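To keep things clear, I will list the structure first and then write my remarks on it.
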Amino acid sequence: MNFAARKPLESVLVKPAGPDCNLGCTYCFYLKKAELFNEVKQHRMSEEVLEELIRQVMAQSGQNISFGWQGGEPTLMGLPFYEKVVEFEKKYGFGKTVGNGLQTNGMLIDARWAEFLKKYDFLVGLSLDGPEHIHNHYRLKKNGQPSWDRVMESARLLLDAGVAVNAMCCITDYSADYVEELYQFYKDMGLTWMQFIPVVETDKDNPGKAADFSLTAEKYGEFLVKLFDLWINDFQNGMPTTNIRNFDSIFHTYVGIQAPECTLREECGVYLTIEHNGDVYSCDFFVEPNWKLGNIKNGRLIDMLNSKRQTQFGSLKAKLPRKCRTCSWYKNCFGGCTKDRVKDKRDSGLPRFCKSTIRFLEHADPVYKELAKNWKMQQQDIQKGSIPGDTYNAFHDFMG
């Protein structure tokens, strides 16, 4: 392989507590990954593995690098672990720009956590599925008790401390019926950065079908259409007042810029997932023996990212039926996420959310085209130096 053509190491997703979690959400796909690491009951990343991870990332990346700390539940590591994270990033950073993202269920967040996250500019993805009746429908404690009150307490702590918080909302068969309520809830909370994640998992008793809580293509399509209209109706002076990652990412495809989400790229495999013990996998949705690339104790991350196995994984995304590849919307979605094709075999290999995407883009296309036209005109004004700085910043935010 030509070294110049190698994929750069730009981001890693780290699971420092492995599959361990202090909740028992009905739709969680990661708890069962404990079976892969059954030599111990509790999974925690050692300081030795952490230091080697950060040392490698800093040495093998470019000027900008981002770490995503995820789970399971990454706050189970305790605050001192993340103090070490910052210490090692400074030690090995060599002046690089480092971004840290923490995805949490919020159950352990307190004032000290909020102060730390604000001080070191962590971006927090808070798993909050909406109002109480929606959130508590599937996001339960291990004893079956609701978790909404505690997560809301954490949300307020984080927002009051000035922490950058994104609302992470899993859309299920139940929550898809409440799009207006969800959107207004986040706005009222001050959570104007939102990400809506469609849930589809295999039925544990019947591997040939999706679990009952999984979102159907029909429901997801209608959800996206309604949400898009709510989003557009909140624009002021042609600019978004809320940021919905799904829609921002698709906008990239209308202006000829590669979408930030791997689900909308022609190939995936652009980042690595590192488990608590240093094992490296192709993707957090494919933490399984077939897609284990190695371990940081005896291999280099940049080599694993550019390995033959990771290239094979990335190319899976492009293996689509002819109906997909000849679809007029193909370049706006590239078939979506690979994982959604293997959860339900009833659609003859078509992506599960194919119909959803078509329904949504047929509705949103005229608006996207107008937004893209305006954005390109703004870019010309920016280059001429005739556009106000606040307008530039708004468009910069719009592009993620």
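On a predicted model such as this, the values are computed, not experimentally measured, just so you know.
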Q: Would you kindly check if the NZ (Lys) or CZ (Arg) of Arg245 is within the cone defined by 45 degrees around the ring axis of Trp193 and under 6.0 Å from the six-membered ring centre?
A: no
Q: Is it possible for you to check whether Lys33 lies under 6.0 Å from the centre of the six-membered ring of Tyr281, through NZ or CZ, and within 45° of that ring's axis?
A: no
I'd like to check [X] versus [Y] (side-chain heavy atoms, cut-off strictly below 4.5 Å). Are they in contact?
X: Arg139; Y: Leu23; value: yes
X: Phe353; Y: Val200; value: yes
X: Tyr82; Y: Pro74; value: yes

Could you tell me how the ring of [X] sits relative to the ring of [Y]: parallel (under 30°), tilted (30 to 60°) or perpendicular (over 60°)?
X: Phe235; Y: Trp231; result: perpendicular
X: Phe185; Y: Trp148; result: tilted
X: Phe88; Y: Tyr92; result: tilted
X: His363; Y: Phe228; result: perpendicular
X: Tyr174; Y: Tyr178; result: tilted

Would you check if there is a donor-acceptor pair between the side chains of [Y] and [X] at a distance under 3.5 Å?
X: Asn332; Y: Thr253; result: yes
X: Ser282; Y: Gln310; result: yes
X: Glu73; Y: Thr104; result: yes
X: Tyr183; Y: Thr242; result: yes
X: Tyr27; Y: Asp173; result: no

**Q.** Residue pair Ser175 / Leu182: nearest heavy atoms and the distance that separates them
**A.** O-CD1, 3.7 Å
Is a side-chain donor or acceptor of [X] paired with a backbone partner of [Y] at a separation under 3.5 angstrom?
X: Lys141; Y: Asn22; result: no
X: Asp365; Y: Leu361; result: no
X: Thr241; Y: Asp234; result: yes
X: His135; Y: Asp129; result: yes
X: Glu181; Y: Pro131; result: no
X: Arg352; Y: Leu215; result: yes
X: Glu89; Y: Val98; result: no
X: Asn243; Y: Asp248; result: no
X: Asn237; Y: Met239; result: no
X: Arg265; Y: Phe334; result: no

Q: Quickly, which of Leu79, Val86, Val85 forms a side-chain contact (heavy atoms from CB on, under 4.5 Å) with Glu83? Name it, please.
A: Leu79
Q. Among Lys15, His276, Gln42, Arg44, which residue meets the side chain to side chain donor-acceptor pair (under 3.5 Å) test with Asp20?
A. Arg44
